[in-house]
Colleague: 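For reference, the structure I am asking about is given below.
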There are 2 protein chains.
Amino acid sequence: MPDQLGGSETVLTRRPHGQRPTIEDVARRSGVSRSTVSRVINGEPKVRAEVVEEVRRVIAELGYVPNQAARQLVTHRTGAVAVVADQPDGRLFLDPFFDCLLRGIRRELARHGAQAVLLFLDEPDDLARVADYLGGGHVDGAILFSLHPGGRLHGMTDRLDIPAVFGGRPLLHDGDTVRAHPYVDGDNRGGARQAVQHLVDRGRRRIATVTGPHDQEHSAAERLAGYRDVLPDAPPDLVERADYTRQGGARAMTALLDRRPDLDAVFAASDLMAAGALDVLREHGRRVPDDVAVVGFDDLTEIAESTDPPLTTVHQDVAEMGRQLARLLFDRAKEPTAVVVPTQLTVRASA
Amino acid sequence: MPDQLGGSETVLTRRPHGQRPTIEDVARRSGVSRSTVSRVINGEPKVRAEVVEEVRRVIAELGYVPNQAARQLVTHRTGAVAVVADQPDGRLFLDPFFDCLLRGIRRELARHGAQAVLLFLDEPDDLARVADYLGGGHVDGAILFSLHPGGRLHGMTDRLDIPAVFGGRPLLHDGDTVRAHPYVDGDNRGGARQAVQHLVDRGRRRIATVTGPHDQEHSAAERLAGYRDVLPDAPPDLVERADYTRQGGARAMTALLDRRPDLDAVFAASDLMAAGALDVLREHGRRVPDDVAVVGFDDLTEIAESTDPPLTTVHQDVAEMGRQLARLLFDRAKEPTAVVVPTQLTVRASA
DNA sequence: CTGAAAGCGCTAACAC
DNA sequence: GTGTTAGCGCTTTCAG
């Protein structure tokens, strides 16, 4: 694969060739061999204490830092793991969900002594560059998030032959590889069941649902399935599809109220949509939860706690999902390669 | 620097040693020397067209991907640039500002054929790991953002001896190195002047300001200075300090109204604070802009356009700042090493 | 235009 | 415990 420079010929090089001290310099200066220095660096036990001390001193004195490239070349390890986010529209950064997830990932990776490096897929040509980066051996593995179904990522890692795990169950498309991708996901269906059952338990009878894009996203389809598990006979006019956004939730709620002014509850498949629904209900003078009870999904505290009234919603342990992702990457050996993280209902005032 | 593994001994290795094809394999298979293959890979001109073709074919056939570690070892280049975000509290991901900035950075880096990799400083021990990562030669340079004054980043890069530029003017603290750090920043002072002048031009006389943490953040101090440039005689009770957040803005507005119920305008040093101020003004029954005009700073469209009324605010070309950061990294040779990106006022309904 | 040879800086057997 | 010796896979003079 050719990798010529882009628009500019400017190139960024570090210290002009050979200025940095090498392991050899450290060895000479401390009167030992390279191997011994290497052992000290890598914390191997069988080195005399005084020697260790002296070598450490020299290292500090010289400001020696091991050259990772040289090390990688022989160990085949980098100590870095890529987290790839496919987010052409920049939605991701607005998502506290991702923030939390990432923190979970970083924590777990840190336990393995690995550094998380985040890459973005934004413009079309980013894909090639990221593929080169991943395939080129800059990282030991990758954790991939594809916000889009049939995302560009799923096929890529197979070809690159790099350890990879997916956040959210990858939706396999027609022509896609059949190879199973290891993934971690929340219990979307179970969570939706909990939410809807809660509404039923509260005595609600005409329970509507605002769904995510269930024809495209696995999570959305599962959440709808959970709703149907509890309410197999729900009439179709109580179901309105939206897109996981606040505005979409508002639109859907408007449509539902229009169609079924008698509804007494709504399960929104995301907190953002639930917030949009609350906005509309308020505008229409419906009291929540007295007239209409509302349950969301995700438990994004920043949203769920600041709505009026605060939102009852399905809690996902997002940080735990992040941790599991990192763990799965290191445990690929053992099957099964899918982890479903349980959900639980956080009851606030809206239902 | 010793780098033993963390809690677990699990290690992530790529293909078991030597399974991937090397440049040697490609050379043999296409009946040329390693050098020629290398030339083809690097797009050097002086190779016979047929040879190029054949080598490319073999590369594809074998699924050969150059080993970056080996390449780095000799070229001293990685093709990657780190973007380091110091964000102990997770605020960053909620910040559309950063999203935009990052996009600008990525674009410009892409022009130079470089991949942006994002690193986070979250927990205390992240600092050491990130330092190792940067110093270890995984990247050719670093773009650093420190949300906190006297941040942990400023000293680090000097010691690491790696090309680095800062987003936002680094605030040098007492014991810190005196070495000037190249940086890119918006024209905070000029922008504030524009904002306040606009209020003056609109005939406002008692113009209050909600400032950022000006004892800690350079930008906040500059925005306050801009306010004072225009209103050197403003009484101190028209100035209220907050923390750049919406809640802080609301609190500050409450205090100001309490102290100076006669105020007829307010310049908030961030859109978030302006939004908070608008909330409070509405609660207090003040009409905006009729009774009180409000100007913000940042022009985060998601916020500025969705407030009621939409916010007049100082626009920063954030993507441009990102681009300049990347550019500065490649241009470090030429002084000066500070870039100030101009601002302009976006007039909406609030003032 | 192409090949041969010499490393880049490090780790990992294997001897001592 | 410590040193010696091979490479890891690539680029890059330097010849031809």
Colleague: Mark up nucleotides 10-16 of chain D, 5' to 3', with B wherever a protein heavy atom is under 4.0 angstrom from a base atom, S wherever such an atom reaches only the sugar-phosphate, and - elsewhere.
Modeller: BBBB---
Colleague: What's the NE2-C1' distance between B:H138 and C:dC10, to the nearest Å?
Modeller: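 Value for this atom pair: 13 Å.
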Colleague: Could you tell me if the side chain of B:Y133 sits less than 4.5 Å from the side chain of B:V139, heavy atoms only?
Modeller: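 B:V139 vs B:Y133: side chains touch.
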Colleague: Let me know the distance between CD of B:Q72 and P of D:dC8, rounded to the nearest Å.
Modeller: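 To the nearest whole Å, that distance equals 18 Å.
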Colleague: For the residue pair B:R71 and B:I41, establish whether any side-chain heavy-atom pair is separated by less than 4.5 Å.
Modeller: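 Heavy-atom side-chain distance check passes, below 4.5 Å.
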Colleague: Check whether any side-chain N or O of B:T36 sits under 4.0 Å from OP1 or OP2 of C:dG3, and answer yes or no.
Modeller: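 Yes, B:T36 has a side-chain N/O under 4.0 Å of OP1/OP2 on C:dG3.
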Colleague: Within a strict 4.5 Å, meaning less than it, do heavy atoms of the A:L134 and A:L119 side chains meet?
Modeller: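 Answer yes - side chains close enough.
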Colleague: Does the pair B:R106/A:E123 count as a salt bridge with the N-to-O cut at 4.0 Å?
Modeller: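 No, no charged N to carboxylate O under 4.0 Å.
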Colleague: Mind calculating the distance between CZ (A:R28) and C1' (C:dG9) to the nearest angstrom?
Modeller: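 Going from A:R28 (CZ) to C:dG9 (C1'), I get 13 Å.
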Colleague: I need the CZ-C1' distance between A:R48 and D:dG3, as an integer number of Å.
Modeller: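 Between C1' of D:dG3 and CZ of A:R48: 13 Å.
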Colleague: Just so I know, are the side chains of A:L118 and B:F120 near enough to count as touching, which here means a heavy-atom distance under 4.5 Å?
Modeller: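 Contact flag for A:L118/B:F120 side chains = yes.
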Colleague: So, do A:L329 and A:E108 sit near enough that their side-chain heavy atoms are less than 4.5 Å apart?
Modeller: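 Sidechains of A:E108 and A:L329: no contact.
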Colleague: I need the CG-C1' distance between B:L73 and D:dC8, as an integer number of Å.
Modeller: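 Atom CG in B:L73 sits about 9 Å away from atom C1' in D:dC8.
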